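Only one structure is covered here, and it is reproduced in the block below.
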Amino acid sequence: MSDLLTNLNVPQLQAVTLPPVHSLILAGAGSGKTRVLTTRIAWLMSTGQVGPHGVLAVTFTNKAAREMTARLSALVPINTRGMWIGTFHGLCNRLLRAHYREAGLPQTFQILDSADQLAMVKRLLKNLNIDDQKYPPRELCHFINAHKEQGVRAAQAEVYDNYTQKRVELYSEYETQCNREGVVDFAELLLRCYELLQRNEPLRKHYQERFRYILVDEFQDTNKLQYAWLKLLAGGGARVFAVGDDDQSIYAFRGAEVGNMREFERDWAGDNVIRLEQNYRSHGNILAAANALIKHNRERLGKNLWTDAGAGERIRAFEAYSDLDEARFVIDEIRELVRDGVPATQCAILYRSNAQSRVLEHELFAKGVPYKVYGGLRFFERQEIKHALAYLRLLGNADDDTAFLRVVNFPTRGIGARSLENLQATAHQINSSLYNAAASLSGKAGQTVGAFVRLIEVLRQETVNLPLPEMVEHVIEKSGLAQHYRTEKEGQERLENLDELINAAATFVDDEGTIGEGGALASFLAHASLEAGEHQAGEGQEAVQLMSVHAAKGLEFDVVFITGLEQGLFPHENSTAQGREGLEEERRLMYVAVTRARKRLYVSCAQTRMLHGQTRYCVPSAFLEEIPENLLLKLNKKGEAAAAPALSPSGGGLRIGQTVEHGRFGIGVIVASEGRGADARVQVNFGGSGLKWLALEYAKLTPV
DNA sequence: TGGGAGTGCTTTTTT
DNA sequence: AGCACTCCCA
């Protein structure tokens, strides 16, 4: 037990061994957050303060949950399998499966992923004859999710105009349809679970008494509903240990409320706030840059990272002529680093938006440098996998209309839009699922759809006693999916993925051992929805890592390149349009990016960049100026330190930053430009006269 | 049924 | 530019 605590620094030790109180751990980047969290659990258990049974540990991603479980098993000799360690969604799913009846759900309820949800909303709009231009499905999904994440049902939704009135009605229709089909979306998992606990006193008491210690990871990312859920569970005297970093809150755009941290501090943690400020990851200059940047944010709980690792190198800054030029610079540097012995996997290229990866990929490919892009299509989101899962879903729950529509005519069985319209009309009339309505259909449609229903029935009979992997295999084969992809030109990879699905089922059965409520199939399908699977592509061992800054959170690399540091891109214009809060979130994003680097950090920008098919002229990001000059090493074209501190000049006579005079507006500075030739326009800041866009062909601008 | 042309969108993303 | 989606025709 004592060696659990060795090698912890003072604040870490304090946090791990806190008495039974609510506490907030402000854990800076690279300060040993996960270590503290897992050691806390291990310490509580090994000192006999709680059994594995009494701990609830919540994370946001499956990866984080897995890591926590793995590290915990390494610390204490217990079986972590039965412990309640998981994601918010995973734990809610577990609870709802255990109490499906009380929650008003069928035993085999299925989980809609975002794509399923969108399909469902589109179908709903179609059935109700609603103009999807006026009510864009995506926007409606967001509307519904945002309400659920605030804990607001359609019945309680605030209506302030006709448009919202309609949207609330659609929200209500959507709820009805989900209930009819026996499916829940991601937000519903949480809300349904919350309502269940709130409504059902014996159940609530049971869990409140059971969980004595509740630990939350990445607390800054919790939304209102998640916070309410935590408070509800902790209402019976459990102690909450919340770990987070307000400076790394980068998910406000999807409902995360940093304010939860302050509220938690005020209402629960009180004086029990511990700051972990010693950073074990980055060299001094990198940390100094991060600290200097984040100081510009007003809304902070306050924290200053330090390290005893030494200053290290300065931050390399490079201003390229174009995005292509920037890509070349980055890739040349990487090639040199790799030549000098830096593992390619330790080099990461980060960008604000995924579209930026293309130029970089192009250049990497051209130079023959292996690379891996994160953020692509995930395994369980592939069409062939979703098709196979849809068949399986129908075996488990025939009322699942989303699954029904996905495969009723795939592979094609001559069931066209006409037949399906009839079917949907019939289903609507008799208020039943599409599957059940098929029997009431007459004519040709009745025959073809009837044949599909019989296919499902036969599949169900044939597989009812098969173990899960064989069931999956049987369905892939007998549904006609396998045959379809065998004849398709580029179906080979899809076939391999389908084989992989059979393997995934086998692994799932092995790992899971005892299968929860609802049987192996339902559990496997839930698993498929909740854990979309790691991006499969390119398991290259020696590959350069490419990802968005968001995707990089929680990771670290020896060498990091932050690219595209230009006004409008990073900080992104859509965010800065949202005022100070938007800009502050962008700055936190930059902070996350900077703190990913261990030894060397590059920051770069380009003067021109292709965006949406046209060249944009760019101004260097304000964030570059927020890094103290003395921490920067400005590079010239060859990647060596430039003689003069100035960034490289652009080609033409007029350039960004140039002071000009205009006959009417007077003296101004060029801040942006776009288009070329006769279309070329520049944006000039005339101070008191404001910002103006001027066409170069007409406006007389004289350099001053 | 399926392919080709036309249209519109485009920040970040986990579950 | 590039992609997803819709629509229309063979």
Side-chain angles (χ1 to χ4, degrees), chain A residues 58-65 86-93 111-119 122 126 132-133 136-139 141-142 145 148-149 184-191 193 217-218 221-223 225-226 249-256 323 350-359 362 374-378 380-381 383 409-418 488-489 526-535 547-554 564 568-578 582 585-586 588-590 592-593 609-616:
Chain A
V58 202
T59 64
F60 275 86
T61 66
N62 292 300
K63 200 173 152 203
T87 63
F88 279 100
H89 294 86
L91 296 173
C92 287
N93 174 54
I111 302 164
L112 300 180
D113 67 15
S114 331
D116 295 331
Q117 187 189 32
L118 185 65
K122 282 182 178 169
K126 204 161 205 169
D132 61 2
Q133 301 282 303
R138 269 172 207 289
E139 199 275 334
C141 279
H142 181 257
N145 294 337
K148 289 190 181 186
E149 280 161 10
V184 297
D185 58 44
F186 287 139
E188 183 72 25
L189 279 172
L190 279 136
L191 183 52
C193 185
D217 191 16
E218 306 275 17
D221 287 339
T222 51
N223 62 34
L225 178 57
Q226 286 158 340
S249 161
I250 55 174
Y251 286 112
F253 73 93
R254 65 170 198 228
D323 46 357
L350 309 185
Y351 32 77
R352 176 65 178 85
S353 70
N354 284 310
Q356 287 167 251
S357 77
R358 190 172 299 132
V359 202
H362 181 88
Y374 289 79
L377 193 60
R378 289 172 312 165
F380 286 107
E381 290 168 1
Q383 70 142 306
N409 198 34
F410 194 96
T412 49
R413 314 189 160 85
I415 301 174
R418 252 280 121 69
E488 200 184 71
K489 275 197 300 276
H527 165 81
S529 297
L530 289 172
E531 183 157 3
E534 295 307 301
H535 347 283
M547 67 195 81
S548 70
V549 181
H550 283 91
K553 189 172 154 203
L569 189 60
F570 197 1
H572 199 278
E573 52 204 359
N574 295 2
S575 294
T576 45
Q578 290 155 26
E585 174 141 327
E586 292 290 307
R588 291 193 292 269
L589 205 43
M590 179 68 182
V592 168
R609 180 175 298 276
M610 281 291 270
L611 210 66
H612 310 321
Q614 54 181 330
T615 308
R616 240 181 43 171

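Keep in mind it's a predicted model, so treat the numbers as computed, not measured.
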Inset, instruction - Choose from B:dT13, C:dA1, B:dT14 the nucleotide whose nearest atom is closest to any side-chain atom of A:R378. - result: B:dT14

Legend entry - Spacing between A:D113 atom CG and B:dT15 atom C1', to the nearest angstrom: 10 Å

Inset, instruction - Return yes if the base of B:dT15 and the side-chain atoms of A:S114 contain a donor-acceptor N/O pair under 3.5 Å, otherwise no. - result: yes

Legend entry - A:E218 CD - B:dT15 P separation (whole Å): 12 Å

Inset, instruction - Give a yes/no on whether any side-chain N or O of A:N354 is located under 4.0 angstrom from OP1 or OP2 of B:dT10. - result: no

Legend entry - First encountered from the 5' end of DNA chain B, between A:E381 and A:I250: A:I250

Inset, instruction - Carefully, step by step, assess A:Q356 and A:S353 under the rule side chain to side chain donor-acceptor pair (under 3.5 Å). - result: CA-CA 6 Å; A:Q356 287 167 251; A:S353 70; 3.2 Å; yes

Inset, instruction - Measure from the side chain of A:T61, starting at C-beta and using heavy atoms only, and say which of B:dT14, B:dT1, B:dT11 lies closest. - result: B:dT14

Inset, instruction - Let me know the distance between CD of A:Q133 and P of B:dG8, rounded to the nearest Å. - result: 8 Å

Inset, instruction - Please report, rounded to the nearest Å, how far the P atom of B:dT14 is from the CG atom of A:L189. - result: 17 Å

Inset, instruction - By nearest nucleotide on DNA chain B, pick out whichever of A:S529 and A:E586 is the more 5' one. - result: A:E586

Inset, instruction - Report yes if the side chains of A:D221 and A:K553 come closer than 4.5 Å at any heavy-atom pair, otherwise no. - result: yes

Inset, instruction - Using the six-membered ring wherever Trp is involved, compare the ring planes of A:H550 and A:Y251 and label them parallel, tilted or perpendicular (cut-offs 30° and 60°). - result: tilted

Legend entry - Donor-acceptor pair, side chain of A:E585 and main chain of A:G582, under 3.5 angstrom: no

Inset, instruction - Name the nucleic acid region contacted by A:F60, choosing base, sugar-phosphate or nothing; use a 4.0 angstrom heavy-atom cut-off, strictly under. - result: sugar-phosphate

Inset, instruction - Check the distance between C:dA1's C1' and A:R358's CZ and give it to me in whole angstrom. - result: 7 Å

Inset, instruction - Give one of base, sugar-phosphate or nothing for A:Y251, where a contact means two heavy atoms less than 4.0 Å apart. - result: sugar-phosphate

Inset, instruction - Would you mind classifying the nucleic acid contact of A:N223 as base, sugar-phosphate or nothing, using non-hydrogen atoms under 4.0 angstrom? - result: nothing

Legend entry - Atom-to-atom span, CD of A:Q383 to P of C:dC3 - whole angstrom: 16 Å

Inset, instruction - Answer yes or no as to whether B:dT11 has its base stacked against A:H572, where stacking requires a ring-centre separation under 5.5 angstrom and planes under 30 degrees apart. - result: yes

Legend entry - Nearest to side-chain heavy atoms of A:L530, which nucleotide of B:dT13, B:dT1, B:dT15: B:dT15

Legend entry - Pair A:E586 + A:R352: basic N to acidic O under 4.0 Å: yes

Inset, instruction - Scan A:D185 against the nucleic acid and name what it touches under 4.0 Å (heavy atoms): base, sugar-phosphate only, or nothing. - result: nothing

Inset, instruction - Find the distance A:D217:CG to B:dT14:P and express it as a whole number of Å. - result: 16 Å

Inset, instruction - Have a look at A:N93 and say if it touches a base, only the backbone sugar-phosphate, or nothing, with a 4.0 Å heavy-atom cut-off. - result: nothing

Inset, instruction - Would you indicate which nucleotide in C:dA1, B:dT13, B:dT1 comes nearest to any side-chain atom of A:A551? - result: B:dT13

Legend entry - Salt bridge A:D113-A:R378, side-chain N to carboxylate O under 4.0 Å: no

Inset, instruction - Check whether any side-chain N or O of A:N574 sits under 4.0 Å from OP1 or OP2 of B:dT10, and answer yes or no. - result: no

Inset, instruction - Let me know the distance between OH of A:Y351 and P of B:dT13, rounded to the nearest Å. - result: 9 Å

